[in-house]
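The structure under discussion appears below in the form of structure tokens.
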Amino acid sequence: MQVIDETNILQFDDYKGIALGNFDGIHLGHQELIKRAISLSQSHNLKSAVFTFKQHTLEILSPNQKPELIMSQQKKLEVLKQFSLDYGIFFNFSREFSQLTPEEFVKKVLVEKLKAKIIVVGYNYRFGYKALGNMESLQKYSKVYYFEVHVVPPVTLEGVVVSSSYIRQLIKSGEIERANKFLGRFFSLEGEVVHGREVGRKLGFPTANLQIKDNIVLPKTGVYVTRVKVMDKLYLGVTNIGFKPTFEGKDVSIESYLLDCNENLYGKHIEVEFVKRIRDEIKFDSIGDLKKQVFKDINYAKKFKNILQEKLYMIK
Ligand SMILES: Cc1cc2nc3c(=O)[nH]c(=O)nc-3n(C[C@H](O)[C@H](O)[C@H](O)COP(=O)(O)O)c2cc1C
Ligand SMILES: Nc1ncnc2c1ncn2[C@@H]1O[C@H](COP(=O)(O)OP(=O)(O)OP(=O)(O)O)[C@@H](O)[C@H]1O
């Protein structure tokens, strides 16, 4: 997949079949749209593409209610690369861009800049100034500017329409297994390992403290079974997200104990994939009790050894 933006778009002037959207999470609904764009493009001899923005549209339109995201831009790119797309198109969504009327967006961006011959969107896609464009207007412009529109009906799972907002709620409420099911992948947080108080080491379970740069939604506080990626290695982990009430902590920390790991992780980039929520955080009366419980958590996590082999990609 080649990455296109405003700076190099002129180099890619072939006709394209393009899926449109924010694609936060690249969940099962998004995956359906992407696969559809690929198969339609192949059968029409077009290049296949996904068009999205570098920022979530709400970050610019209403910064006060900008959503915490399911994935960083970097992760989105990594997941998109798993598909056999020809292009990933990432434009800047500015205030100026948001002023484009639906027809201007179709004409200037989709048709003239991107050379769209097929557009694939979901059942609820809206676009252009104040989101005034919808399926009907897109169909109308397709006749004026000579392209085809394909609308993907709602993808549902267990009777619920898959959506980024629903998945964010699941993550926030700790329903991580359900979130993963709707994503078709493990939800993950990534960042650099930074120094903590180094108390864990003395207790017998050194922990990697994760520092996150992006505005990603955090799972409900508590203890989780995780799978931790360090470069190309995978470890089973137990991760605590929370305030460490036993120590009256004031800030949220995300710390993982990695089973069977002797690496020095400080300064390394790790990805923590959330597999299952084990329990709430507890304020223990003694450090001994905390230690006992953490070793129980570690033993519990051992049951999940098989996830080290699992890919959990429903893509392709
Ligand atoms: C699997 C796991 C479970 C934890 N559960 C709790 C808990 O229930 N209550 C609590 O106060 N702290 C909990 N912690 C946080 C520990 O108190 C913390 O890791 C330890 O104090 C080391 O902190 P440090 O990294 O700041 O040195 C947990 C940590 C891990 C890794
Ligand atoms: N469940 C779904 N079935 C079919 N198409 C979908 C589904 N979810 C999203 N889409 C489509 O995918 C594209 C990207 O949509 P968008 O990123 O806004 O996703 P969303 O999950 O609906 O987000 P949100 O929950 O924040 O509204 C749009 O064309 C949208 O219509």
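Order of appearance sets the numbers: ligands from 1, and atoms from 1 within every ligand. Just so it is clear, the values below take in all heavy atoms, side chains as well, and ignore hydrogens, waters and symmetry mates. Since the structure is predicted, the reported quantities are computational estimates derived from the model, not experimental observations. For this chain, numbers begin at 1 and follow the sequence in order.
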**Study point:** Nearest option to atom 29 (O) of ligand 2, as decided by whichever heavy atom of Ser163, Gly122, Pro154 sits closest
**Key:** Gly122
Point to revise | Structural part of Asn209 in contact with ligand 1, heavy atom criterion under 4.0 angstrom | key: side chain
Review point. Between Gly21 and ligand 2, does any nitrogen or oxygen pair lie at a separation below 3.5 Å?
Key: no
Check your understanding: With a cut-off of 4.0 Å, which atoms of ligand 1 are near a heavy atom of Leu290?
Key -> 6 (C), 7 (C), 9 (N), 10 (C), 12 (N), 13 (C), 17 (O)
Practice item. Indicate, with yes or no, if the rings of Tyr300 and Phe304 have centres closer together than 6.0 Å. Key: yes
Revision key, fill the gap. Restricting to heavy atoms, the pick from Val152, Leu33, Asn124, Val155 nearest atom 31 (O) of ligand 2 would be Asn124
Study note, to complete from the structure: Looking at Arg126, Arg168, His56, His27, the heavy atom closest to atom 21 (O) of ligand 2 belongs to His27
Exercise for review: Give yes or no for whether the N/O distance cutoff of 3.5 Å, strictly under, is met between Ile282 and ligand 1.
Suggested key: yes
Check your understanding: Which part of Ala19 is near ligand 2, with near meaning a heavy atom under 4.0 Å away: side chain, backbone, both or neither?
Key -> neither
Exercise for review: Can you figure out which of Glu281, Lys244, Arg279 has its heavy atom closest to atom 5 (N) of ligand 1?
Suggested key: Arg279
Practice item. Output yes when the distance from some N or O of ligand 2 to some N or O of Asp24 is under 3.5 Å, and no in every other case. Key: no
Review point. N/O of Thr207 under 3.5 Å from N/O of ligand 1, yes or no?
Key: yes
Check your understanding: Does ligand 1 have an atom that lies less than 4.0 angstrom from a heavy atom of Gln293?
Key -> no
Check your understanding: Which ligand 1 atoms does Phe247 reach within 4.0 Å, using its non-hydrogen atoms?
Key -> 17 (O), 21 (O)
Check your understanding: Do the rings of Phe187 and Phe274 sit parallel, tilted or perpendicular, given the 30° and 60° boundaries?
Key -> tilted
Check your understanding: Around atom CD of Gln99, are there more than 12 heavy atoms of other residues, nucleotides or ligands at under 6.0 Å?
Key -> yes
Review point. Can you check whether Phe205 has an N/O within less than 3.5 Å of an N/O in ligand 1?
Key: no
Review point. Is there any N or O on Val121 that sits under 3.5 Å from an N or O of ligand 2?
Key: no
Practice item. Examine Tyr166 against ligand 2 and note whether any of their N/O atoms are separated by less than 3.5 Å. Key: no
Practice item. Ignoring angles and geometry beyond distance, decide whether Asp297 reaches within less than 3.5 Å of ligand 1 through its nitrogen or oxygen atoms. Key: no
Exercise for review: Decide whether the shortest distance between a heavy atom of Phe243 and an atom of ligand 1 is less than 4.0 Å.
Suggested key: no
Review point. Got an N/O contact under 3.5 Å between Ser256 and ligand 1?
Key: no
